[in-house]
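Reviewing the structure listed below.
Values below: every heavy atom of this structure, side chains too, minus hydrogens, waters and symmetry copies. Since we're looking at a predicted model, the values are computed, not measured.
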Amino acid sequence: RSLILLYLSVFVNSQNFCSPDSLSASLCEILMFSCSSNTTDGEVARQYCPITCDLCIELDAPSLESIQTPRNNNTMYYRLGGTFPCEVLKGPSPYEGFQFWANFTGASVGELRVGDGFVVVESVFKTACETTFGEDWNPEALCALWIQIVETMIRQDRIQAFYFISVCPRVEAQILEMLNVAGVLVFSIAKLNYDGALNNIWTIERPYDSFIEIVKEAKQNGMDKVGIAYADQPIFVRNAEHARDQFHLLIDTMSLDYFEVYSPISSNTDINNWNVTETRTWPQVDGVLHEMQARGVQMAYFFSWVERDWILKRIKELEIDFKAVSFFKSPVQAMATTLGDSAEYVLFSAMYTPSFQTDCAIFGSNQNYAQGFLQQYGHLPSEYETYGALLGILIQHGMQKHGSFYLGRMTDALETLLVDSIWGPLKFSVDHVNIGREPLFLQIQQEQVKIVKPASLSDAALELPVPTWECRRTVLGDLDPDTCGDLEYSVWRDCVEAYPSVKKRYNQEACANREALERNAS
């Protein structure tokens, strides 16, 4: 863009800024492709293309900034696009969170006030699924489908923002370049490994910081053998590889013994028949767990969604005594209650949980948001659903600061943003990573999801290491809390010595009283 603006200042009277004499043909081709190929109507093209294309289409065209600034109570439209891999379909969707924000603010009916007018914010969310191809599925076809979907969003849907979840890592750079040329804001869950200098990418979370802290905590509790298992799907591979990179930073200083293994589910899993999938997946889950056990893993870290419940059930049934079990991303409260002791003590890295106490500018507080979401959808919002609401919040603050959704104005607004939200404080670093607050680490304790890290936000103490299954089966089972027989007392004392949480939480009165009597007698 700076190159084009330079020519504008020198060749003010030129009518053809895209001539080879004034600009490289290849760059001109890219710019014109993103504009003129979208539509034959130059006026419509100017509304949805970067300002650089205004200069190529028509010298006296109105600036894109003026076109994208609501005036005289007129209503304008702003579209958020997003593509999701198939595994997202099984779990909570960001769409519900985005729609809840839109309904709450009035953005879905044209009542979001921006400058001297209004903006209707719409969503265009689509899935790129392996099952689209049936037996003809192959990775190349999926990559091509993703490119086609994004091209359609840019050309026909004319999106101005994009929620990025990887479908095919091989073409990520191409997708990002397409969005950049089209002047589309990109919001990503995790930091993207892109070599180019793109100013339109915004990273809205950084859960690895809390992950590193929990590994340090585990090390202090005698756990120095860590294993990572991950599903062979892009979103998990990326996050697992990032965690692996973080591990390598810790291995030398903490003497960690680390290994990784691909986990349970094939990339062409039949998501339409989960009973069949479950039967087919159990042996693969068992293989991963047995390999971890054979390697002496003490802290097991899993990157997966749909297999999460199965993994926890099998850990219990096989009685594998990991000292810590952790999953990437936050749980839903329903999982804590339905899985019972299979999920007890499990850890999650996260940026959001409904119990998080914070005030915010749009919803008033996270509690208001969570309760309103519960009333509309019948369940509390998960982290994935809250991503959608957060995107709406970022778009709203970006628009309303300067009364415009022109990309330059939106960028300036986000770069200087400092506001409380349902996510906590939002603030972006110079490389567009949200640094507003520390990520959370959650633990299921007595069927409740508790915040255990960071200490400044916690509502419970971290409980590590996890008691063995023998300890849990004997002491934490359905025993009479008012009695403490000899065998129970013996196991209870051994468990208390190794796992302090046992004394605090189970059979405390009867066995603790017996311990006190013996101590007094001695």
Worksheet, complete the sentence: For Phe118, the ring pair (Phe, Tyr, Trp, His ring centres under 6.0 Å) test, sequence neighbours excluded, returns none

Worksheet item: For Phe100, what residues pass the ring pair (Phe, Tyr, Trp, His ring centres under 6.0 Å) criterion, not counting sequence neighbours?
Response: Phe363, Tyr369, Phe373

Worksheet, complete the sentence: In short, Pro381 meets Thr386 closest at the heavy-atom pair CB-OG1, 3.8 Å

Fill in: Side-chain touch Gln160/Leu80, heavy atoms, less than 4.5 angstrom
no

Practice prompt. Please name the residue in the list Leu418, Ile435, Leu417 that meets the side chain to side chain contact (heavy atoms under 4.5 Å, CB included) test with Phe428.
Written response: Leu417

Practice prompt. Kindly indicate whether the side chain of Pro465, heavy atoms from C-beta on, has any atom under 4.5 Å from the side chain of Tyr499.
Written response: yes

Worksheet item: So which of Leu390, Ile393, Leu391 actually passes side chain to side chain contact (heavy atoms under 4.5 Å, CB included) with Trp101?
Response: Ile393

Worksheet entry | Asn200 side chain reached by Leu176 side chain, heavy atoms, under 4.5 Å | no

Discussion item. For a side-chain contact (heavy atoms from CB on, under 4.5 Å) check, start with the C-alpha distance between Met292 and Met299, then their side-chain angles and the critical distance, and finish with the verdict.
Written reply: CA-CA 9 Å; Met292 285 186 158; Met299 181 179 184; over 6 Å; no

Discussion item. Which heavy atom of Phe441 sits nearest to which heavy atom of Ser326, and what is that distance?
Written reply: CZ-OG, 3.6 Å

Worksheet item: With Asp459, which residues qualify under side chain to side chain contact (heavy atoms under 4.5 Å, CB included), at least two apart?
Response: Ser355, Lys450, Ile451

Worksheet entry | Presence of salt bridge, Lys427 and Asp420, under 4.0 angstrom | no

Worksheet item: Is a salt bridge present between Arg472 and Asp341, judged by a nitrogen-to-oxygen distance below 4.0 Å?
Response: no

Worksheet, complete the sentence: Of Phe98, Phe187, Tyr352, Trp423, the one forming a ring-ring contact (aromatic ring centres under 6.0 Å, His included) with Tyr387 is Trp423

Response to the item:
Residues Met178 and Ile147: closest non-hydrogen pair is CE-O, 4.1 Å

Discussion item. For Phe322, give me all partners under ring pair (Phe, Tyr, Trp, His ring centres under 6.0 Å), at least two apart in sequence or on another chain.
Written reply: none

Discussion item. Check for me whether Arg437 meets the cation-pi criterion with Phe356, that is, NZ or CZ under 6.0 Å from the six-membered ring centre and within 45 degrees of the ring axis.
Written reply: yes

Worksheet item: Where do Ala161 and Tyr78 come nearest, in terms of heavy atoms and distance?
Response: CB-OH, 3.5 Å

Worksheet item: What pairs with Gln298 under side chain to side chain contact (heavy atoms under 4.5 Å, CB included), at least two apart in sequence or on another chain?
Response: Met223, Asp224, Lys225, Lys323

Item to complete: Sequence neighbours left out, what passes side chain to side chain contact (heavy atoms under 4.5 Å, CB included) with Pro454? Give chain and number order.
Response: Glu438, Leu440, Ser456, Leu457

Discussion item. Do Arg113 and Asn73 have side chains that approach each other closer than 4.5 Å (heavy atoms only, starting at C-beta)?
Written reply: yes

Discussion item. For a quick test of reading the model, state the closest non-hydrogen atom pair linking Ser421 to Thr358 and the distance between them.
Written reply: O-CG2, 3.4 Å

